[in-house]
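Reading through the structure tokens given below for one structure.
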Amino acid sequence: MNIHEYQAKELFTQYGVATPKGQAADSAAEALEAAKALGTNDLVVKAQVHAGGRGKGTFKNGFQGGVHLADSPEKAQELASQMIGQVLVTHQTGEEGKLVRKVLIAESVDIAEEYYFAILMDRATERPSIIASSEGGVDIEEVAASHPEKIFKEAVHPALGLQQFQARKLASQLGFKGAQIRAASKLFMAMYELFISCDCSMVEVNPLVLTKDGDVLALDAKFNFDDNALYRHPAIAAMRDPEEEDPREVEASKFDLNYIGLDGNIGCMVNGAGLAMSTMDIIKHSGGDPANFLDVGGGASEDQVKEAFRILCGDPKVEAILVNIFGGIMQCDVIAQGIINAAKTVDLNIPLIVRLEGTNVEQGRALLNESGLALITAEDLGDAARKAVEAVNNAA
Amino acid sequence: MAVLVDKNTRLLVQGITGKSGSFHTQQCMEYGTNVVAGVTPGRGGESFEGKVPVFDTVKEARDKTECNATMIFVPPAFAADSILEAIDAGIELVVAITEGIPVMDMMRVKAAACHSNSVLIGPNCPGIITPGACKIGIMPGYIHKPGKIGVISRSGTLTYEAVWQLSSHGHGQSTCIGIGGDPIHGMTHQQAAQLFTEDPDTEAFILIGEIGGTEEEEAAAWIKDNCDKPVAAFIAGATAPPGRRMGHAGAIISGGKGTAEAKKEALQDAGIAVSESPSDMGATLLKHMGA
């Protein structure tokens, strides 16, 4: 799950991570109020979308750039009016761009130096790892390749957490001096506390800056949260912005289905992530194109199967549906009943290919046979993929 | 005749009275697994299906029944605690089936497990089975048959797929280990490969990986230096878009790392036969064995 910059700022403030003051606004009038409340004429107005490259983006109304400096609250208001309600296209949004619903009004700061600072859960060492660099505001992968000596890493003990000395060591390695070392290490400690407390899988501060006044501030951050842990963070779960996500995925998530939209025309319903990925692979291998990744999960109910089926049928791109189930914890008769229930409520006018195997397979097959549904049965995974690709090609 | 589990395994089930827990305990018992105890806090003194005593704590179950393996079906919010409880009681083999445990919880569990004598399999896994002897987990028993081929996999249903292909070709399995799809989990591909390499009754094995992480590469490097048995592999997710988590929390290509291509290359470099299609996993191994 991703969050907006203004929400990241809220988390910073809550955990004591130093960051410039700012507030979100969803109208030009609110932008004016927010700007006045900051009590300064050094302002920045930033479009709030889940995509990078905002500064260099272009609005579809021709307005250039999703990040602008303003020298008065009135100027901030005018800039906000050009952005809110407009569609911003950046190198990360694709051609269709993203609708800007909110802007962030923040104090602008005079930057002396930029740095890179990230904390991530490192699966290789099975502990949090901090990665920092004196080369900020650039592609960190590039720095790692060209100047590995400018990348500093610190592994954190799972039980001890980040120690003061580690934070000071990082600050010193990044080149902070005197009182800045204390300010930087304080920020690192607060950032680690945020990372652990909020069950983040990654926090990337980009950029971390030293201002000309000598302050160390986190300007913006990219957060990734562990979806498995959202149940214990209702406030963070509430930061989710469904408008920023694929509507098919939003719909699927309401029913706890693992769905990822893709661009092909063969809709897939599979149990198990590995088998779902492999089903995508084998469709491609057989010359077809999957419309989605959909894992109905371990213990899906009839209702979940029904909803999954409804989502697939509701996607105009889908020209055939491939159901591939190898029942373990998932029972084939449950899947079969879900399909039958769904077929009663949606008008199924595209080919449906079904391959069932595993727990309660006989009951599942019997249910499908007795249902009178027009479906194509498949012997195995390879057969199912071939038949699905064939069905789409015949229809074309 | 197999690795980790056999006829002598005495199984405890944590979360035995839950919906999934009770269904799959029943299935394991029907398969012939010796289920000796269950644990559900607050339900001590009851009996599961009139056959299996239920205890409040793992320690009590261990003391009274000498269980030496546990299967965990506890919901994700409480599962880490259950794994730690099993480790504390000294259970030799801990198989965590639960899907959806927060990664921070697993980080702490893993740090504790390293200093114990327990072997952890999972979480988010189908379990482990030695066909004809002992089934611990949610895999459908009937697809397996006893034999000499080992199976290691990060994915549940994909394991069944491989097993089905082997059984359909008339080749049984020594043991099948589902190591799980989470980023931080117990037994690794490499550790499982080591067990099969050392097991005199395993002639060859299949390694099923997926995108994300570097475990497959590490296993490949180990196999290259230490294993003379024929090995086949399949990597799921060759067509997955980068940056999207493919169901398993562990299956994600990030920062250009963990791609199917890099894994296949490492495996091939180790002399492992890599199957391009998931429908050819069994056939690829059998061809490689000259069977």
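The chains referred to below are lettered A, B, ... by the order of the sequence lines, with proteins before strands, and numbering in each begins at 1.
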TODO: Tell me, yes or no, whether the heavy-atom count around B:Phe78 atom CZ, taken from other residues, nucleotides or ligands under 6.0 Å, exceeds 12.
DONE: no
Task: Lys/Arg N to Asp/Glu carboxylate O, B:Glu218 vs A:Arg123, below 4.0 Å - done: no
- [ ] Working to the nearest 0.5 Å, report the span between OG of B:Ser155 and CG of A:Leu275.
- [x] 6.5 Å
Task: Top of B:Gly237, B:Pro241, B:Ala111, B:Ser279 for chain A proximity - count of heavy-atom pairs under 4.5 angstrom - done: B:Gly237
Open item on the list: Within the supplied structure, the quantity of interest is the number of heavy atoms (other residues, nucleotides, ligands) at a distance under 6.0 Å from A:Glu379 CD; does it exceed 12?
Closed with: no
TODO: For B:Tyr142 and A:Gly358, indicate whether the former's side chain and the latter's backbone hold a donor-acceptor pair under 3.5 Å.
DONE: yes
Task: Distance, nearest 0.5 Å, that separates CZ of A:Phe326 from CG of B:Leu158 - done: 10.5 Å
Task: chain A-proximal positions within residues 181-188 of chain B [heavy-atom distance under 4.5 Å] - done: B:Pro183, B:Ile184, B:His185
Task: Nearest-0.5 Å distance that lies between atom NZ in B:Lys110 and atom CD in A:Glu126 - done: 3.5 Å
Open item on the list: What part of B:Ala238 gets within 4.5 angstrom of chain A, counting heavy atoms only: side chain, backbone, both, or neither?
Closed with: both
Open item on the list: Do B:Ser277 and A:Asp281 make a side-chain contact, defined as non-hydrogen atoms from C-beta onward lying under 4.5 Å apart?
Closed with: no
TODO: Give, as side chain, backbone, both or neither, the part of A:Phe195 having an atom under 4.5 angstrom from any heavy atom of chain B.
DONE: both
TODO: Decide yes or no on salt bridge (charged side-chain N to carboxylate O under 4.0 Å, His left out) for A:Lys284 and B:Glu276, but give the supporting numbers first.
DONE: CA-CA 11 Å; A:Lys284 279 258 190 191; B:Glu276 284 299 324; over 6 Å; no
Task: Most contacts with chain B, counted as non-hydrogen pairs under 4.5 angstrom, among A:Glu357, A:His285, A:Arg127, A:Met280 - done: A:Glu357
Open item on the list: Looking at chain B, which one of A:Asn360, A:Leu381, A:Asn228 has the largest number of heavy-atom pairs inside 4.5 Å, strictly under?
Closed with: A:Asn228
Open item on the list: Check this for me: B:Gln268, atom CD, are more than 12 non-hydrogen atoms of other residues, nucleotides or ligands nearer than 6.0 Å?
Closed with: yes
Open item on the list: I'd like to know whether A:Asn271 forms a side-chain hydrogen bond (donor to acceptor under 3.5 Å, both in side chains) with B:Thr157, so could you lay out the CA-CA distance, the side-chain angles of the two residues, the decisive distance to 0.1 Å, and finally the verdict.
Closed with: CA-CA 7 Å; A:Asn271 69 321; B:Thr157 41; 4.9 Å; no
Task: Interchain contact, B:Glu210 with chain A, by part (heavy-atom threshold 4.5 Å) - done: side chain
Task: Exam field: side chain A:Asp226 to backbone B:Pro102, donor-acceptor pair closer than 3.5 Å - done: no
Open item on the list: For A:Ile325, which atoms come within 4.5 Å of any heavy atom of chain B: side chain, backbone, both, or neither?
Closed with: neither
Task: Structural part of A:Pro128 lying under 4.5 Å from a heavy atom of chain B - done: both
Open item on the list: With a 4.5 angstrom heavy-atom cut-off, is it the side chain or the backbone of B:Ala77 that approaches chain A, or both, or neither?
Closed with: both
Open item on the list: Is it the case that the side chain of A:Ser278 and the backbone of B:Pro278 share a donor-acceptor pair, with hydrogens and angles ignored and the cut-off at 3.5 Å?
Closed with: no
- [ ] Give the C-alpha distance, both sets of side-chain angles, the deciding distance and a yes or no for side-chain contact (heavy atoms from CB on, under 4.5 Å) between A:Thr359 and B:Phe23.
- [x] CA-CA 12 Å; A:Thr359 308; B:Phe23 174 78; 4.2 Å; yes
- [ ] For A:Asp227, check side chain to side chain contact (heavy atoms under 4.5 Å, CB included) against everything at least two apart and list the hits.
- [x] A:Met1, A:Leu230, B:Arg245
Open item on the list: Once rounded to the nearest 0.5 Å, what's the spacing between atom OG of A:Ser201 and atom CE of B:Met104?
Closed with: 8.0 Å
Task: Heavy-atom contact with chain B under 4.5 Å, split by part of A:Val270 - done: neither
TODO: Against chain A, label B:Ile101 side chain, backbone, both or neither, depending on which of its atoms sit under 4.5 Å from a heavy atom there.
DONE: backbone
TODO: Kindly compute the distance separating CG (B:Asp105) from CG (A:Asp199), expressed to the nearest 0.5 Å.
DONE: 7.0 Å
